[in-house]
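I have placed the structure first, in the form of structure tokens, so that the comments after it can refer back to it.
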Amino acid sequence: MASFFDLLWSESSLFSRILKASVQCRSLFVAQQLHSIMITGGRSRFKFWSNHLINAYAKLGVLNFAFNLFDRMPQRNVMSYNILLGGYIQNGELGAAVEVFNEMGERNSATWNAIITGLIKFEDNEEGLRLFLKMHACGFLPDAYTLGSILRGCAGLKDLNRGKQAHGYAIRSGLEFDLIVGSSLANMYMRSGCLREGGNVIQLLPVHNVVACNTLIAGLVQNGCPVGALDQYNIMKMAGFRPDKITFVSVISSCSELVTLGQGQKIHAEAIKAGAMSVAGVISSLVSMYSRCGCLDYAATVFWEKEGVQEDLVLWTAMIAAYGLHGRGQEAIELFERMELQGLQANDVTFLSLLYSCSHCGLRDKGLEFFDLMLHKYGLQPQVKHHTCIVDLLGRAGRLEEAEAFIQSMPVKPDVVIWKTLLSACKIHKNADMAERICEEILKIDPQDSASYVLLANTQASAKRWLDVSEVRKTMRERMVKKEPGISWFEKKNQVHSFATGDQSHPQSEEIELYLKKLTDELKLHGYVPDTGVVLQDMDTEEKEFSLAHHSEKLALAYALMNTPDGVAIRIMKNLRVCDDCHVVIKYISIVRNREIIVRDATRFHHFKNGHCSCRDYW
DNA sequence: TTAGGGTTAG
């Protein structure tokens with residue numbers, strides 16, 4: 001009767017099958033047993049056995065074992081090298097992979113594909129594409145593997161030109177309708193901003209799978225069509241595809257964009273049922289969605305009560321950003337310090353979130369300290385947005401000249417936002433002269449920026465320079481600059497009710513009007529005095545009060561108060577910043593109606609309770 | 001032995 005060993009040697013596929021099983025079971029022990037059997041059976045000199053073992057060791061993450069075996073092989077073929085090369089790439093050791101690649105005397109298509117894929121996977125897209133040209137020059141034609149990788153590289157670089165050339169290759173080689181090549185093509189187009197072309201490529205594929213669906217959903221979110229992404233999510237489910245972790249990441253982020261809490265909660269439940277809650281990306285998306293929908297508590301619960309999730313930089317950054325967005329600077333800082341203790345290496349987004357947190361709370365010294373830490377300890381190059389936080393902190397503290405000098409001396413080109421940040425500080429400190437100078441800088445970059453004209457006029461109004469105010473208004477009329485309308489919205493039972501300033505189109509408009517009038521009178525009894533200084537028009541006081549009373553957030557809030565039971569917290573969203581008067585009014589309402597009111601404006605959240613706001617009037 | 005899709009800021 002043949003022994004187990006005889007069987008093993010005669011049936012080479014048995015050896016490779018057991019090895020494959022050892023990889024699937026993550027059993028290094030079984031792989032090592034097979035290794036000893038190979039040595040004692042005198043099979044070490046045959047490439048077949050060693051190659052399979054090197055592969056198994058690499059997949060089990062023990063690269064030193066793989067390399068030792070490779071090193072001792074008396075004969076190696078291209079496949080031996082390829083396996084080692086692939087092993088290094090799978091384990092994130094790109095440098096070692098490049099070394100193996102450079103050493104190889106003979107290379108085949110798989111060698112080239114492996115190294116190109118590795119480079120692109122680790123975001124050295126340019127080098128990956130350069131090697132592709134070299135591969136081509138060496139006489140190797142691109143196959144489906146090559147195209148999948150180089151299209152990913154083009155997508156990473158948002159390089160439509162080279163992406164289209166790769167599309168040409170795909171058509172010529174008949175791979176255009178291959179599921180993987182097609183998905184990569186669609187992704188390349190959509191990452192480069194060509195949503196329609198990407199969608200067409202997906203539509204034309206003869207069969208679809210979850211990845212093709214995800215490509216389309218992600219493309220829609222990335223190109224500013226969150227509603228389309230949600231539609232596509234429903235279509236995908238109706239077609240019988242089961243959403244996976246990546247589907248959830250994209251589709252939850254589209255709920256963040258839309259600020260639709262109800263929809264987001266529904267998808268959260270679906271993610272739980274699908275068993276996707278141990279994936280860091282899904283948790284990051286949920287944290288961001290809940291915090292952007294005004295539910296910091298839910299965001300914190302999802303973050304702190306996660307189970308079986310690997311610690312992840314993006315996830316911690318999402319939670320730091322959530323605290324910052326809600327004005328909880330101290331918690332953001334503490335979380336950052338805990339993150340450092342975990343050994344996670346902060347990136348530029350982490351620092352941006354941290355600096356925003358400081359700037360939203362006026363934590364000036366801490367902000368400056370973190371800016372320094374980013375630069376000197378972490379060696380990260382701050383971008384305009386990081387500098388903007390510093391300008392905000394200096395400007396609000398009244399150090400206007402210092403903030404201006406900071407902009408002039410920074411190594412990156414100033415943008416409209418950084419100048420506008422300084423302009424806002426000018427308004428707070430009523431420095432109309434500097435405001436004029438700064439506004440000129442802004443209008444050089446964008447002459448149609450309505451918010452800057454309004455800020456300048458507001459600054460002049462606060463300095464009581466009425467002639468200058470009317471001059472700005474005249475310029476706006478001449479240049480046909482339209483003020484961006486204020487819009488606020490409130491979600492009730494998954495339905496969004498939106499209100500523009502002065503809007504009378506809502507079906508309950510008349511009732512809202514009456515309710516607001518009564519409410520305002522009530523507030524006046526409690527000491528509220530309308531702050532007509534924020535109204536720019538040349539009107540009399542009564543007209544100004546009327547205009548003030550119809551700001552979009554007041555209309556939305558009145559509607560919400562009328563349509564929700566007593567004691568229920570109200571969440572209002574607004575596209576612009578909340579004005580001073582509305583901020584005061586909402587504080588009074590939180591007392592008079594005994595309600596918790598959460599308002600998200602263009603930059604942050606305000607939590608109003610018992611006459612106080614979480615921003616402590618610093619926004 | 002080699003291939004495609006995602007998340008954090010504004």
Side-chain angles (χ1 to χ4, degrees), chain A residues 51-52 54-55 58-59 77-87 89-90 97 107-118 120-121 142-153 155 175 178-188 190-191 198 202 205 209-219 221-222 244-254 256-257 276 279-289 291-292 312-322 324-325 346-357 383-386 388-389 415 417 602-604:
Chain A
N51 281 347
H52 272 285
I54 295 172
N55 185 33
K59 287 201 164 131
N77 58 5
V78 185
M79 197 188 270
S80 324
Y81 278 96
N82 283 354
I83 291 170
L84 189 68
L85 178 64
I89 291 171
Q90 281 160 26
R107 295 164 185 158
N108 62 14
S109 278
T111 321
W112 285 99
N113 287 339
I115 195 71
I116 291 170
T117 305
I120 288 171
K121 194 171 170 183
D143 58 14
Y145 289 90
T146 332
L147 284 169
S149 291
I150 60 168
L151 282 165
R152 181 175 172 177
L175 290 165
D178 174 275
L179 191 51
I180 294 176
V181 173
S183 305
S184 313
L185 254 176
N187 181 47
M188 180 280 295
M190 292 190 285
R191 284 253 173 193
I202 296 278
L205 289 177
N209 64 359
V210 177
V211 178
C213 298
N214 288 348
T215 307
L216 186 55
I217 292 173
V221 184
Q222 286 153 5
D244 69 3
K245 57 185 183 183
I246 290 171
T247 323
F248 287 117
V249 169
S250 297
V251 92
I252 294 166
S253 101
S254 66
S256 296
E257 289 292 316
V279 180
V282 174
I283 308 289
S284 310
S285 281
L286 281 169
V287 165
S288 171
M289 185 273 289
S291 92
R292 285 160 80 164
D312 177 82
L313 175 66
V314 174
L315 177 50
W316 282 71
T317 302
M319 195 63 227
I320 291 172
L325 191 61
N347 67 7
D348 54 340
V349 182
T350 319
F351 275 104
L352 192 57
S353 307
L354 196 56
L355 290 170
Y356 270 117
S357 307
Q383 298 148 16
V384 190
K385 285 168 182 166
H386 298 92
T388 305
C389 295
D415 62 1
V417 181
T603 57
R604 60 170 299 154

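Predicted model only: the values in this text are computed from it and were never measured. Per chain, numbering begins at 1; letters A, B, ... match sequence-line order.
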- request: Return the minimal non-hydrogen interatomic distance between A:Ala212 and A:Leu205, and the atom names on each side.
  value: CB-CD1, 4.5 Å
- request: Just jot down the salt bridge (Lys or Arg N to Asp or Glu O under 4.0 Å) partners of A:Arg292, sequence neighbours excluded, or say none.
  value: A:Glu257
Distance check needed: [N] [atom2] versus [X] [atom1], whole Å only.
{"X": "A:Asn113", "N": "B:dA3", "atom1": "CG", "atom2": "P", "answer": "9 Å"}
{"X": "A:Met289", "N": "B:dA9", "atom1": "CE", "atom2": "C1'", "answer": "18 Å"}
{"X": "A:Asn55", "N": "B:dT1", "atom1": "CG", "atom2": "C1'", "answer": "7 Å"}
{"X": "A:Arg191", "N": "B:dT7", "atom1": "CZ", "atom2": "C1'", "answer": "11 Å"}
{"X": "A:Lys121", "N": "B:dG6", "atom1": "NZ", "atom2": "P", "answer": "15 Å"}
{"X": "A:Asp312", "N": "B:dT8", "atom1": "CG", "atom2": "P", "answer": "12 Å"}
{"X": "A:Gln90", "N": "B:dA3", "atom1": "CD", "atom2": "C1'", "answer": "13 Å"}
{"X": "A:Ile252", "N": "B:dT7", "atom1": "CD1", "atom2": "P", "answer": "12 Å"}

- line: What residues 77-84 of chain A contributes to the DNA chain B interface at heavy-atom separation below 4.0 Å is A:Met79, A:Asn82, A:Ile83
When all nucleic acid strands are considered with a 4.0 Å heavy-atom cut-off, which category describes [X]: base, sugar-phosphate, or nothing?
{"X": "A:Asp143", "answer": "nothing"}
{"X": "A:Arg107", "answer": "nothing"}
{"X": "A:Asp415", "answer": "nothing"}
{"X": "A:Val210", "answer": "base"}
{"X": "A:Val279", "answer": "base"}
{"X": "A:Ala218", "answer": "sugar-phosphate"}
{"X": "A:Gly281", "answer": "base"}

Would you mind telling me which of [options] lies closest to the side-chain atoms of [X]?
{"X": "A:Tyr145", "options": "B:dA3, B:dA9, B:dT8", "value": "B:dA3"}
{"X": "A:Ser253", "options": "B:dA9, B:dT8, B:dT2", "value": "B:dT8"}
{"X": "A:Leu179", "options": "B:dA3, B:dG4, B:dT2", "value": "B:dG4"}
{"X": "A:Val249", "options": "B:dT7, B:dA9, B:dA3", "value": "B:dT7"}
{"X": "A:His52", "options": "B:dT1, B:dT8, B:dA3", "value": "B:dT1"}
{"X": "A:Ile246", "options": "B:dA9, B:dT1, B:dG6", "value": "B:dG6"}
{"X": "A:Ser250", "options": "B:dG4, B:dG6, B:dA3", "value": "B:dG6"}

Under 4.0 Å between a side-chain N/O of [X] and OP1 or OP2 of [N], yes or no?
{"X": "A:Gln383", "N": "B:dA9", "value": "no"}
{"X": "A:Gln222", "N": "B:dG6", "value": "yes"}
{"X": "A:Arg292", "N": "B:dA9", "value": "yes"}

message: What I want to check is whether an N or O donor and acceptor connect the side chain of A:Ser183 with the base of B:dG4 at under 3.5 Å.
response: yes
task: Verify whether one side chain among A:Asn187 and A:Ser184 offers a donor that lies under 3.5 Å from an acceptor in the other.
output: no
query: For A:Thr146, which residues count as a side-chain hydrogen bond (donor to acceptor under 3.5 Å, both in side chains) partner, sequence neighbours excluded?
result: A:Asn113, A:Asp143
field: side-chain hydrogen bond (donor to acceptor under 3.5 Å, both in side chains) against A:Thr111, all qualifying residues, sequence neighbours excluded
entry: A:Asn82, A:Asn108
task: Say whether, by atom type as modelled, one donor and one acceptor occur between the side chain of A:Ser288 and the main chain of A:Ser284 under 3.5 angstrom.
output: no
- prompt: When you measure from the side chain of A:Ser285 to the backbone N and O of A:Val249, does any donor-acceptor pair fall under 3.5 Å?
  reply: yes
- prompt: Got a sec, which residues hit ring-ring contact (aromatic ring centres under 6.0 Å, His included) with A:Phe351, two or more places apart in sequence or on another chain?
  reply: A:Phe336, A:Tyr378
- request: Can you sort out the partners of A:His386 under ring-ring contact (aromatic ring centres under 6.0 Å, His included), two or more places apart, ordered by chain and number?
  value: none
